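A short write-up of the structure that comes next.
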Amino acid sequence: MEIEEMAVRDAYRIRPRIHSDERGAFFESFRDGEFTRVTGHVFRPVQTNFSANHRGVLRGMHGVSLPPGQAKYVTCVRGAVLDIVLDVRVGSPTFAAYDVNLLEPGKGTAVFLPDGMAHGFVSLTHDSCVSYVFDTPYVPGTPFEINPFDPDLGLPWPLTEKPVVAAKDLRAPGLSRAAELGILPRYEDCLAHYARQRAAVPSEFVPEFAGELAGELAGEKE
């Protein structure tokens with residue numbers, strides 16, 4: 001599989017190698033050791049959710065406070081969605097940056113979001129289905145929302161008709177206001193969280209990230 005970092009630092013796009021024959025197709029969506037070696041992130045699934053969506057449904061932008069945090073691995077298993085990842089870690093070099101991906105089952109593309117990101121998508125087809133795999137269970141009171149139509153962000157939703165959006169998302173603050181309210185995770189806290197996760201993994205899985213991570217943490221303390 002091809003794993004590459006997106007425009008949002010620490011978020012990754014995963015493109016599997018698809019094997020096709022007269023029966024159809026087969027591919028690996030996730031492989032633990034390879035994922036950790038390439039990204040330096042540790043991802044241990046503990047909860048899986050699915051959402052079924054009518055065409056034009058827009059879900060986002062959603063994040064989870066740290067602690068407890070919640071990394072996620074997102075794929076589309078039916079239909080097609082335009083997926084957006086947004087860096088909301090205050091102090092991050094890519095704060096307010098976003099990346100856009102078309103997710104559909106035939107290509108098997110997935111996106112990985114570490115703790116500290118906001119995520120959303122718009123359904124491009126009728127009855128799309130999105131899979132979310134999480135490394136922590138849902139904890140009431142910890143999710144937060146960023147308004148998907150924040151004019152300062154200008155997220156490129158491909159809307160040809162009025163979208164179907166939850167009232168809580170429409171009422172959500174824009175990114176700058178959310179930062180003022182103190183509801184966003186801090187970059188330095190996210191780095192420390194990633195480091196604790198890495199420390200629990202055998203060193204042979206993440207050797208190339210040890211020095212880099214130490215430098216990032218030292219820089220945050222200066």
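Just so it is clear, the model here is predicted, and its values are computed rather than measured.
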Tell me, please, which residues at least two apart from Ser20 pass side-chain contact (heavy atoms from CB on, under 4.5 Å). Ile18, Ala25
According to the side-chain hydrogen bond (donor to acceptor under 3.5 Å, both in side chains) rule, which pairs have a member within residues 82-95, sequence neighbours left out? Asp10-Arg89, Asp83-His119, Asp87-Arg89, Asp87-Ser92, Asp87-Thr94, Arg89-Ser92, Arg89-Tyr194, Ser92-Thr94
Test of understanding: with side chain to side chain donor-acceptor pair (under 3.5 Å), list the residues that count as partners of Arg23, not counting sequence neighbours. Asp21
Per the salt bridge (Lys or Arg N to Asp or Glu O under 4.0 Å) rule, what does the pair list look like for residues 171-180, sequence neighbours excluded? Arg177-Glu180
I need the full list of side-chain hydrogen bond (donor to acceptor under 3.5 Å, both in side chains) pairs touching residues 130-157, with sequence neighbours left out, sorted by first then second residue. Ser51-Tyr132, Asp135-Gln197
So, taking the atom named CG in Leu153 and the one named CE in Met61, what distance separates them when rounded to the nearest 0.5 Å? 8.0 Å
For Glu5, check side chain to side chain donor-acceptor pair (under 3.5 Å) against everything at least two apart and list the hits. none
Which residues pass the side chain to side chain donor-acceptor pair (under 3.5 Å) test with Arg31, sequence neighbours left out? Glu28
What salt bridge (Lys or Arg N to Asp or Glu O under 4.0 Å) pairs are there with at least one residue in residues 101-119, not counting sequence neighbours? Glu104-Lys107
Residues in side-chain contact (heavy atoms from CB on, under 4.5 Å) with Ala7, at least two apart? Asp99
Residues which pass side-chain contact (heavy atoms from CB on, under 4.5 Å) with Pro163, listed by chain and number, not counting sequence neighbours: Leu58, Phe149, Leu159, Val165
Would you please name every residue forming a side-chain contact (heavy atoms from CB on, under 4.5 Å) with His54, sequence neighbours left out? Val57, His126
Aromatic ring proximity, centroids under 6.0 angstrom, Phe35 and Phe30: yes
Between CZ on residue Phe121 and NE2 on residue His62, distance to nearest 0.5 Å: 9.0 Å
List the residues meeting salt bridge (charged side-chain N to carboxylate O under 4.0 Å, His left out) with Glu4, not counting sequence neighbours, and say none if there are none. Arg13, Arg15
